[in-house]
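Every heavy atom of this structure was used, including side-chain atoms; hydrogens, water molecules and symmetry mates were not. Predicted model, so just to flag it, every value in this text is computed and none were measured.
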Amino acid sequence: MSRHLVRPFEETDLPAAAGLLAERHQAHRKRHPLLPADYEDEQLALVEVTAAWETEGASGAVMVEDGEITGYLLAAPKQSPVWGPNIWVEAAGHAVREPEHIRDLYGAAAAKWVDDGRIAHYVLAPDDPALLDAWFRLAFGSQHAHAVRPVPDAPLSPPSDLVVRRALRADIPVLAELDLELPRHQGLSPVFSSGELPTLEEAVADWEESIDDQDYATFVASYNGEVIGSSVGCSLDKSSAHSGLAKPDNAGFLGFAAVLPSARGLGAGRALGEAVLQWSAETGYTSVVTDWRVTNLLSSRAWPRLGFRQTFHRLHRLIGH
């Protein structure tokens, strides 16, 4: 019988944790080969685990079986008040040989987090069904999806009654309105996001300053001569939410898309997403990444239909409620 011990994570555990992370990532890339190959190398995986360990406020646990470390869990708080009194397990913050053991590790580590008043817990977990099942049985739920797809290998055309083109300065008023439309929608049922809503004046001012920024490709869709939606593409390097193991090499990013409520159902969302895919291919990227709230009924259906495959799940648990 194998005997296991769970104890606090120590700095000397970093090499063993890196080995486990490299194993996990190798298995993950069999399902998603567009993810970066670098972190199958234990030395590069060590860089990621060390960064997690050295994050201010980090703590966690390891599992030792017959003298060998077979699992670890590391988490640290984020300073942004958006996340509440939080603790985050990032993509490099956990790996286990046996998925069930993540429950033991969390049980050991979470007591300190809750004692410290950190009751909003977040986890970025790969799409391993057994591992996700173990997290779900710790009362976590799926909150946000990270996904990737290859760029298209042939030109894409919008529906015949839509025109999709690059945005112009004259489009700023409707671009600003669309900037507000996405957070408005996210605040409705069943998402109930509490994200801050900018004013229309702030959105206009932001577009006035950024409309000519060549690092971003902004598209609009029009119907009967009226702009009804927009999307924005850029390098994935511009997104702080996608890094390390979750950041494919040479990837574009579908960073924003919104359609006016009165114009939904015309195919504009798909056409705007395809415009970013086509731009990414023409720019020389090999893949495109996006993300969405899984409770957003529109985006959680639109983007998988566009060929995006979910790679990571952001899980969430609120203690005591």
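With a 4.5 Å cut-off on side-chain heavy atoms, Trp292 and Pro304 count as touching. Contact of the Pro150 side chain with the Thr286 side chain is not registered, since no non-hydrogen atoms from C-beta on lie closer than 4.5 Å. Put simply, the side chain of Gln143 reaches to within 4.5 Å of the side chain of Arg293, judged on heavy atoms. The side-chain heavy atoms of Leu20 and Val96, taken from C-beta on, include no pair separated by under 4.5 Å. Residues Leu131 and His94 meet the side-chain proximity criterion, which asks for heavy atoms closer than 4.5 Å. Residues Arg165 and Val227 have side chains in contact (heavy-atom distance under 4.5 Å, counting atoms from C-beta outward). Contact check for Leu315 versus Val89: no side-chain heavy atoms found under the 4.5 Å cut-off. Within the 4.5 Å cutoff, no side-chain heavy atoms of Tyr39 are placed close to those of Leu21.
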Practice problem: Please lay out, stage by stage, how Ser239 and Leu236 fare under the test side-chain contact (heavy atoms from CB on, under 4.5 Å). | Solution: CA-CA 5 Å; Ser239 173; Leu236 189 58; 4.2 Å; yes
Practice problem: May I have the step-by-step check of side-chain contact (heavy atoms from CB on, under 4.5 Å) for Glu98 and Met63, ending in yes or no? | Solution: CA-CA 10 Å; Glu98 172 55 53; Met63 174 167 285; over 6 Å; no
Self-check item: Worked verdict on Asn296 versus Trp303 for side-chain contact (heavy atoms from CB on, under 4.5 Å)
Solution: CA-CA 11 Å; Asn296 183 330; Trp303 303 141; over 6 Å; no
Exercise. Go through the steps for His101 and Val6 under the test side-chain contact (heavy atoms from CB on, under 4.5 Å), then give the verdict.
Key: CA-CA 10 Å; His101 289 168; Val6 178; over 6 Å; no
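For the pairing with Asp291, the side chain to side chain donor-acceptor pair (under 3.5 Å) check across His146, Gln310, Arg314, His144 returns one residue only, His144.
Hydrophobic clustering (side-chain heavy atoms under 4.5 Å, transitive across Ile, Leu, Val, Met, Phe, Trp, Tyr) keeps Leu156 apart from Leu266. Note on Val276: it does not cluster hydrophobically with Ile211, by side-chain heavy-atom contacts below 4.5 Å among ILVMFWY residues. A single hydrophobic cluster is seen to contain both Ile319 and Ile87, as judged by linkage of ILVMFWY side chains at heavy-atom distances under 4.5 Å, directly or through other members. Tracing side-chain contacts under 4.5 Å through hydrophobic residues (I, L, V, M, F, W, Y), one reaches Val174 starting from Val220; they form part of the same cluster. Two different hydrophobic clusters hold Leu74 and Trp113 under the rule that ILVMFWY side chains link at heavy-atom gaps under 4.5 Å.
Across all non-hydrogen atoms, the minimal contact from Asp215 to Asp213 is N-OD1, 2.9 Å. Taking every heavy atom of both residues into account, Pro77 and Gly57 meet most closely at CD-O, 3.7 Å. Counting all heavy atoms, side chain and backbone alike, Val49 lies closest to Ala17 at CG1-CB, 3.9 Å. Pairing each heavy atom of Ala268 with each of Val259, the nearest pair is CB-CG2, 4.0 Å. For the pair Ser142 and Val294, the tightest heavy-atom approach, listed with the atom from each and the gap, is O-CG2, 3.3 Å. The shortest non-hydrogen separation linking Ala275 to Val164 is CB-CG1, 3.8 Å.
Checked against salt bridge (charged side-chain N to carboxylate O under 4.0 Å, His left out), Asp153 has no partners two or more places apart in sequence or in another chain.
One finds the CH2 atom of Trp88 at 9.5 Å from the OG atom of Ser80 (value rounded to the nearest 0.5 Å). To the nearest 0.5 Å, the span separating CH2 on Trp83 from NZ on Lys78 amounts to 6.0 Å. Taking OH of Tyr285 as the start and OG of Ser287 as the end, the distance is 10.5 Å to the nearest 0.5 Å. For the atom pair Asp171 CG and Thr218 OG1, the distance stands at 10.0 Å (nearest 0.5 Å). Distance check, rounded to the nearest 0.5 Å: CG of Leu298 to OG of Ser300 gives 7.5 Å. Atom CZ of Arg24 and atom CG of Leu245 lie 6.0 Å apart (nearest 0.5 Å).
A cation-pi arrangement is found for Arg166 relative to Phe219, the charged atom lying closer than 6.0 Å to the ring centre and inside a 45° cone about the ring normal.
In this structure, the side chain of Glu202 engages the main chain of Thr199 through a donor-acceptor pair within 3.5 Å. Arg103 contributes a side-chain N or O that, together with a main-chain N or O of Arg137, makes up a donor-acceptor pair within less than 3.5 Å. Here the side chain of Arg118 pairs no donor or acceptor atom with the backbone of Pro85 at under 3.5 angstrom. Put simply, the side chain of Arg29 gets close to the backbone of Leu35: a donor and an acceptor are under 3.5 Å apart. A donor-acceptor contact shorter than 3.5 Å is absent between the side chain of Arg305 and the backbone of Arg270. Here the side chain of Arg317 pairs a donor or acceptor atom with the backbone of Leu138 at under 3.5 angstrom. Between the side chain of Gln214 and the backbone N or O of Asp212, at least one donor-acceptor pair lies under 3.5 Å.
Counting heavy atoms of neighbouring residues, nucleotides and ligands inside a 6.0 Å radius, atom CZ of Arg301 does not exceed 12 of them. Crowding of Arg169 atom CZ: a count of heavy atoms from other residues, nucleotides or ligands under 6.0 Å exceeding 12. Within a 6.0 Å radius of CD in Glu100, other residues, nucleotides and ligands contribute more than 12 heavy atoms.
Between Trp53 and Phe9, the two ring planes are tilted [angle within 30° to 60°]. A perpendicular orientation is assigned to the rings of Tyr106 and Trp135, their planes being inclined by more than 60° (bins at 30° and 60°).
Each ring pair (Phe, Tyr, Trp, His ring centres under 6.0 Å) pair with one or both residues in residues 249-275, not counting sequence neighbours, appears once here: His242-Phe253.
Comment: Arg184 engages Glu177 in a salt bridge, judged by a side-chain N to carboxylate O separation of less than 4.0 angstrom. Using a 4.0 Å cut-off between a side-chain N of Lys or Arg and a carboxylate O of Asp or Glu, Asp13 and Arg7 qualify as a salt bridge.
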